[in-house]
Amino acid sequence: MASRHLSRSIAMQSLYEWDFSGKKSNVLQKIVERNIREFGPGLKDPDFIWELVNGVVKHINDINKVIETSAPEWPIEQIMVVDRNVLRIGLFELLYAKKEEVPPKVAINEAIELAKTFGGESSGKFINGVLGTVYKELEK
């Protein structure tokens, strides 16, 4: 598994656990550190994981508003926890990451792959639909 893809997987699993357990700010660092040890023992540079996790947390309110606007029939709390956090990572990369480092289509594709790996049967299509909608709006 490529290191950036692995980093996204670890970030998603960490955000999932944090979200599932009530988004307590004092436990997130421990969750991420444990997941890096457990799932990324050979990972040379965990900085990308921290960039994703910290970026999502910093912008979570704005990201959640984008999700609510882009998927109005799905209130944020009704979206599966995995899908919600995959969307948060994908939207963070689409909206806040440097486009030279992560082109929008790469961010969308990576999010779809995470959804297919960790989510339900229709997660990939849902993620693609929401992120595709946001991407089209960004192009305007």
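Here the structure is a predicted model, which is why all the values come from computation and not from measurement.
- Around the CD atom of Glu139, the shell of radius 6.0 Å holds more than 12 heavy atoms that belong to other residues, nucleotides or ligands.
- Other residues, nucleotides and ligands place no more than 12 heavy atoms under 6.0 Å from the NZ atom of Lys58.
- For Leu28 against Val53, the heavy-atom pair with the smallest separation is CD2-CG1, 3.6 Å.
- To the nearest 0.5 angstrom, Ile10 atom CD1 is 5.5 Å from Leu43 atom CG.
- Formation of a donor-acceptor pair under 3.5 Å by the Arg84 side chain with backbone atoms of Ile79 is found in this model.
- Rounding to the nearest 0.5 Å places CG of Asn64 at 10.5 Å from OG1 of Thr69.
- Within the 4.5 Å cutoff, side-chain heavy atoms of Ile108 are placed close to those of Tyr135.
- Closest approach of Met80 and Ser123 over heavy atoms only: CE-OG, 3.6 Å.
- Atom CE in Met12 sits 8.5 Å away from atom OG1 in Thr117 (nearest 0.5 Å).
- Here the NE2 atom belonging to His59 is positioned 10.0 Å from the CG atom belonging to Asn54, to the nearest 0.5 angstrom.
- Looking only at distances, no side-chain donor or acceptor of Ser70 sits under 3.5 Å from a matching main-chain atom of Ile67.
- Between the side chain of Asn85 and the main chain of Val81, a donor-acceptor pair closer than 3.5 Å is present.
- No side-chain heavy atom of Glu113 sits less than 4.5 Å from a side-chain heavy atom of Arg8.
- Using a 4.0 Å cut-off between charged nitrogen and carboxylate oxygen, Glu110 and Arg4 do not count as a salt-bridge pair.
- Taking both residues in full, the closest heavy atoms of Ala111 and Ile127 are given as CB-CG2, 3.8 Å, listed atom of the first, atom of the second, then distance.
- Atom-to-atom distance recorded for Phe92:CZ and Leu52:CG is 6.5 Å, nearest 0.5 angstrom.
- Smallest separation of non-hydrogen atoms from Ala71 and Val130: CB-CG2, 4.0 Å.
- Counted within 6.0 Å of CD on Glu68, heavy atoms from surrounding residues, nucleotides or ligands total more than 12; the atom is thus considered enclosed.
- To the nearest 0.5 Å, atoms OG (Ser3) and CD1 (Ile49) are separated by 9.0 Å.
- Sequence neighbours left out, the pairs with a member in residues 24-37 that pass salt bridge (charged side-chain N to carboxylate O under 4.0 Å, His left out) are Glu17-Arg34.
- Shown here for Leu6 and Gly40, the closest heavy-atom pair between the two residues is CD2-CA, 4.2 Å.
- Counting all heavy atoms, side chain and backbone alike, Ala107 lies closest to Gly90 at CB-O, 4.4 Å.
- Counting non-hydrogen atoms of other residues, nucleotides and ligands closer than 6.0 Å to NZ of Lys23 gives a total above 12.
- Using a distance-only test at 3.5 Å, with no hydrogens or angles considered, no donor-acceptor pair links the side chain of Asp19 to the main chain of Leu15.
- Qualifying ring pair (Phe, Tyr, Trp, His ring centres under 6.0 Å) partners for Trp74, counting only residues two or more places apart in sequence or in other chains: Phe126.
- No path of Ile, Leu, Val, Met, Phe, Trp and Tyr side chains, each step under 4.5 Å between heavy atoms, connects Leu114 with Val106, placing them in separate hydrophobic clusters.
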